[in-house]
Each structure stands twice: as structure tokens, then as C-alpha cells.
Amino acid sequence: MAEIQFSRGITEEVVPDVRMTRSKDGTNGTATFYFENPKALSVESTEDITGMYLLDEEGELVTREVKAKFINGQPAALEAVYVIKSVDEWNRFMRFMERYAEEHGLGFTKS
């Protein structure tokens, strides 16, 4: 079980585009998630977006850096940035991503 939520208890169904960066020494990095037309921004959604929660059997990873993108005044996308500050955090994040990718059919391309 690996899922992403923007409001606790409500799983986001849209699979994001994820871009990762990492420092040369591996001590820090970022992961930027881009969700096009996410369920969290739909008209039916009545819950507030309180952050991005990455949940799996090990627990949860949280970021509050979530921004909405609007086109012609209508919500169109969400962008969330997860900041990684240590090698242990990087390894934990990658374990989550491996589980999430396997369950949702994501592939990995190295630049």
C-alpha cells in the first residue's frame, strides 16, 4: 500500500509526474510532484488541502509546500515539493517511490 493524500483520509487518484534532484554528495535533494487535474481540486472535493502526505507501510512523509496552478481562473494542477535533507531521508523517500511506482505503473528515467 503506497498512496498520496492532500487531505487526510482521501487518496489522490491522479498519478503525478515526479522530478527529483540530488546533490553530488547525496546529502540532500528535492522531489517535485505535478498533478494535472487532481481529484483534490475537483468541484466534488469539499476538503481543504492541508499538505501532501505520502503513506505506505513504513508510515508517512509530509510536505506543506503545495501550490495550486490556475488557468483562466479555474484550478488545473497541484505542484508539491518534498525537500530531502539527509541520506536516510533520501533512502526512505526512494523506498516509498518504489512502492508507489510499482502500484501505479510509474517508470524511472535517469537524466
Side-chain angles (χ1 to χ4, degrees):
M1 179 230 38
E3 59 187 42
I4 298 174
Q5 299 177 355
F6 290 104
S7 300
R8 292 204 185 270
I10 302 173
T11 301
E12 179 55 56
E13 295 168 3
V14 172
V15 177
D17 179 42
V18 183
R19 300 186 186 270
M20 297 181 289
T21 62
R22 189 174 188 189
S23 64
K24 287 185 188 255
D25 65 2
T27 58
N28 58 59
T30 62
T32 303
F33 292 75
Y34 189 81
F35 297 81
E36 202 165 306
N37 297 313
K39 176 179 146 185
L41 291 179
S42 70
V43 176
E44 299 85 37
S45 178
T46 59
E47 299 295 320
D48 289 337
I49 294 171
T50 56
M52 182 176 71
Y53 308 93
L54 311 175
L55 304 156
D56 65 9
E57 55 262 24
E58 286 185 59
E60 77 175 11
L61 304 169
V62 180
T63 183
R64 302 283 183 214
E65 271 192 67
V66 180
K67 298 176 188 170
K69 304 282 183 177
F70 291 83
I71 297 175
N72 295 326
Q74 299 299 313
L78 284 175
E79 183 178 273
V81 177
Y82 181 74
V83 178
I84 302 160
K85 299 177 186 135
S86 71
V87 173
D88 288 340
E89 281 186 30
W90 181 268
N91 292 334
R92 170 65 179 99
F93 175 77
M94 290 306 293
R95 288 193 304 274
F96 168 82
M97 285 307 299
E98 287 167 7
R99 291 179 185 115
Y100 188 82
E102 188 175 305
E103 289 181 25
H104 296 88
L106 282 176
F108 180 71
T109 307
K110 211 169 186 175
S111 61

Chemist: Does Pro16 reach the side chain of Tyr34, with side-chain heavy atoms less than 4.5 Å apart?
Modeler: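 No. Closest side-chain heavy atoms not under 4.5 Å.
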
Chemist: side-chain contact (heavy atoms from CB on, under 4.5 Å), that's the test. Do Ile10 and Gln5 meet it? Break it down for me.
Modeler: CA-CA 6 Å; Ile10 302 173; Gln5 299 177 355; 5.8 Å; no

Chemist: Check this for me, if you would: do Glu12 and Lys39 make a salt bridge, where the nitrogen-to-carboxylate-oxygen distance has to be below 4.0 angstrom?
Modeler: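 No, no charged N to carboxylate O under 4.0 Å.
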
Chemist: For Thr27 and Asp25, what are the C-alpha separation, side-chain angles and deciding distance, and is it a side-chain hydrogen bond (donor to acceptor under 3.5 Å, both in side chains)?
Modeler: CA-CA 6 Å; Thr27 58; Asp25 65 2; 2.8 Å; yes

Chemist: If every non-hydrogen atom of Glu60 is compared with every non-hydrogen atom of Arg92, which pair is closest and at what distance?
Modeler: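 For Glu60 versus Arg92, the nearest heavy atoms are N-NH2, 4.0 Å.
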
Chemist: Does atom CD of Glu57 have more than 12 heavy-atom neighbours, drawn from other residues, nucleotides or ligands, at distances under 6.0 Å?
Modeler: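 Enclosed: over 12 neighbouring heavy atoms sit under 6.0 Å from CD of Glu57.
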
Chemist: Under the rule for side chain to side chain donor-acceptor pair (under 3.5 Å), what residues qualify as partners of Ser86, not counting sequence neighbours?
Modeler: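 With sequence neighbours excluded, Ser86 shows a side chain to side chain donor-acceptor pair (under 3.5 Å) to no residue whatsoever.
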
Chemist: For the CZ atom of Arg64 and the CD1 atom of Ile49, what is their distance to the nearest 0.5 Å?
Modeler: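 Taking CZ in Arg64 and CD1 in Ile49, the distance rounds to 12.5 Å.
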
Chemist: For Phe93 together with Tyr82, are the ring centres under 6.0 Å from each other?
Modeler: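 Ring-ring flag for Tyr82/Phe93: true, centres closer than 6.0 Å.
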
Chemist: Taking Val14 as the starting point, is it possible to reach Leu55 by hopping between hydrophobic residues whose side chains are less than 4.5 Å apart?
Modeler: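 No, because Leu55 and Val14 fall into different hydrophobic clusters, even though each may have its own neighbours under 4.5 Å.
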
Chemist: Who pairs with Phe96 by ring pair (Phe, Tyr, Trp, His ring centres under 6.0 Å), at least two apart in sequence or on another chain?
Modeler: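 Scan of Phe96 (ring pair (Phe, Tyr, Trp, His ring centres under 6.0 Å), adjacent residues dropped) gives Tyr100.
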
Chemist: Could you grab the distance from atom OG1 of Thr32 to atom CG of Asp17, nearest 0.5 Å is fine?
Modeler: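 Here the rounded value is 9.5 Å.
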
Chemist: Quick one: does Asn91's side chain get under 4.5 Å of Val87's, heavy atoms only?
Modeler: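 In short, these two side chains touch, coming nearer than 4.5 Å.
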
Chemist: In the single-linkage hydrophobic clustering (I, L, V, M, F, W, Y; side-chain heavy atoms under 4.5 Å), do Leu78 and Val15 co-cluster?
Modeler: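 Yes.
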
Chemist: Apart from Val81 itself, what residues make up its hydrophobic cluster when side-chain heavy atoms of I, L, V, M, F, W and Y under 4.5 Å apart count as a link, directly or indirectly?
Modeler: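 The other cluster members (ILVMFWY side chains, heavy atoms under 4.5 Å, direct or chained) are Val83.
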
Chemist: Rounded to the nearest 0.5 Å, what separation is found between the CD1 atom of Ile4 and the CG atom of Leu54?
Modeler: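 Result: 5.5 Å between the selected atoms.
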
Chemist: Would you indicate whether the side-chain heavy atoms of Phe6 and Leu41 approach each other to under 4.5 Å?
Modeler: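 A side-chain contact is absent here, since even the closest heavy-atom pair is not under 4.5 Å.
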
Chemist: Under a 3.5 Å distance rule, please check whether Glu102 uses its side chain to pair with a backbone N or O of Glu98 as donor and acceptor.
Modeler: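 Between the backbone of Glu98 and the side chain of Glu102 there is no qualifying donor-acceptor contact (under 3.5 Å).
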
Chemist: Is any side-chain heavy atom of Val18 closer than 4.5 Å to a side-chain heavy atom of Met20?
Modeler: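 Touching, per the 4.5 Å side-chain cut-off.
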
Chemist: Taking side chain as C-beta onward, heavy atoms only, is Thr21 less than 4.5 Å from Thr30?
Modeler: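 Thr21 vs Thr30: side chains touch.
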
Chemist: Within 45° of the six-membered ring axis of Tyr53 and under 6.0 Å from that ring's centre, is NZ or CZ of Arg8 located there?
Modeler: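 Positive - Arg8 is close enough to the ring of Tyr53 and near enough to its axis.
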
Chemist: So which heavy atom on Pro38 is nearest to which on Ala77, and how close?
Modeler: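 So the minimum-distance heavy-atom pair works out to CD-CA, 4.0 Å.
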
Chemist: At their closest point, which heavy atom of Glu47 faces which heavy atom of Ser7, and how far apart are they?
Modeler: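 Taking every non-hydrogen atom into account, CB-OG, 3.4 Å.
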
Chemist: Is there a donor-acceptor pair under 3.5 Å between the side chain of Thr63 and the backbone N or O of Met52?
Modeler: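 No; judged by distance alone, with no hydrogens or angles, the pair does not exist.
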
Chemist: Show your working on side-chain contact (heavy atoms from CB on, under 4.5 Å) between Phe70 and Gln74 and close with a plain yes or no.
Modeler: CA-CA 5 Å; Phe70 291 83; Gln74 299 299 313; 5.7 Å; no

Chemist: Is the number of heavy atoms from other residues, nucleotides or ligands under 6.0 Å of Arg95 CZ greater than 12?
Modeler: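 Yes, because the 6.0 Å sphere around CZ of Arg95 holds more than 12 heavy atoms from other groups.
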
Chemist: Please confirm whether the backbone N or O of Asp56 pairs with a side-chain atom of Arg99, one donor and one acceptor, at under 3.5 Å?
Modeler: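 Checking the backbone N and O of Asp56 against the side chain of Arg99, no donor-acceptor pair under 3.5 Å is found.
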
